[in-house]
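All remarks here apply to the structure that follows.
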Amino acid sequence: MNKFGIFMNFWEKNWDADHAKYIKKVSKIGFDVLEFQAQPLLEMSDEKLRGLKALADDEGIELTYSLGLDRAYDVSSPDKKVRDGGVVYLQRIIGQIEKMEGKLLSGVSYAGWGTPDYVLDDKSRLWDNSLESMRKIIKTAEDCGVTYCVEAVNRFETCLINTAAEALEYTARIDSPNIGILLDTYHMNIEENSIPDAIRAVGKKLTSFHTGENNRTAPGRGHLDWDGIFGALSEIGYGGRIISEPFVMMGGEVGRDIHVFRNLLENPTEERIDAEAEYLLNFERGMARKYGL
Ligand code: MN
């Protein structure tokens with residue numbers, strides 16, 4: 001049975017926010033999972049981490065974590081010092097996730113978030129640097145019981161892993177049961193020739209799934225082919241998490257980093273966003289039922 005989740009920053013313009021509030025909110029709406037940026041975990045005391053975990057347990061919510069890795073910790077960097085710092089940084093994040101008994105870290109977790117500002121004729125060296133770093137990081141993930149997912153994202157956000165095929169090649173070169181693949185419909189819409197074919201290519205290796213429209217509004221509002229997407233998830237027997245990741249508000253760190261320069265939901269008050277979250281959950285559950293997931 002798939003678990004349905006949502007990313008916290010549907011509501012918030014800054015990456016860090018009141019996690020406890022959103023654990024309660026998404027539980028009330030009917031979600032199973034709340035996902036948020038992992039970096040704020042590094043600032044939290046053990047007591048705070050335990051408190052959030054206890055609240056999530058009470059509310060029946062699983063917490064999962066995502067990363068847009070700060071470029072200061074770019075584990076694919078040509079600079080060995082930056083790579084080494086990045087490995088330690090990511091190992092610390094995994095350690096915090098372990099304290100929360102968390103099972104999943106995903107996102108742009110294999111390189112600094114962003115693209116090179118220099119001419120890049122060949123990315124094999126960046127790729128090799130990232131793989132070398134990942135072989136160290138993944139040992140920590142194994143020790144901590146965390147699955148470390150690489151997310152294929154569009155060309156404007158990374159040069160390393162843009163497609164399902166690249167994610168498959170990368171993960172095949174990391175010998176660990178704790179490496180995984182995350183596909184995201186918003187990114188696939190830009191990079192793949194066919195979203196259903198990309199889902200089928202990853203097949204049983206699909207560890208987690210992000211949903212969002214072509215313009216990152218809530219699933220069902222844009223022009224993506226949700227019948228094709230849920231049909232393909234059904235074909236591969238996907239039983240994992242389906243986490244929606246809409247971004248609809250201009251402003252703040254999120255608007256800057258995600259490039260949201262207009263409101264994509266009219267008058268996005270908290271009440272309107274709550275209603276939109278409820279709508280998208282019903283839409284996704286309905287599609288999952290339609291395709292026998
Ligand atoms: Mn995503």
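Index from 1, following the sequence. Each ligand, and each atom within it, is numbered from 1 in the order the structure gives.
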Distance-only donor-acceptor pairs under 3.5 Å for side chains of residues 286-293, two or more places apart:
| residue | atom | partner | partner atom | Å |
| --- | --- | --- | --- | --- |
| Lys290 | NZ | Asp227 | OD1 | 2.7 |
| Tyr291 | OH | Asp227 | OD1 | 2.5 |

So what's near the Mn ion (ligand 1), protein N, O or S atoms under 2.8 Å? Glu151 OE2, Asp184 OD2, His210 ND1, Glu245 OE1
Are the charged groups of Lys28 and Glu278 less than 4.0 angstrom apart, N to O? no
Can you tell which of Arg241, Lys103, Glu35 makes a side-chain hydrogen bond (donor to acceptor under 3.5 Å, both in side chains) with Thr64? Glu35
Test ring pair (Phe, Tyr, Trp, His ring centres under 6.0 Å) applied to Tyr186 - qualifying residues, sequence neighbours left out: none
Pair up each side-chain donor or acceptor in residues 143-150 with any protein partner under 3.5 Å, not counting sequence neighbours, and list the distances.
| residue | atom | partner | partner atom | Å |
| --- | --- | --- | --- | --- |
| Tyr148 | OH | Ser109 | O | 2.6 |

Mind telling me whether Phe7 and Phe247 have parallel, tilted or perpendicular rings, with 30° and 60° as the class edges? perpendicular
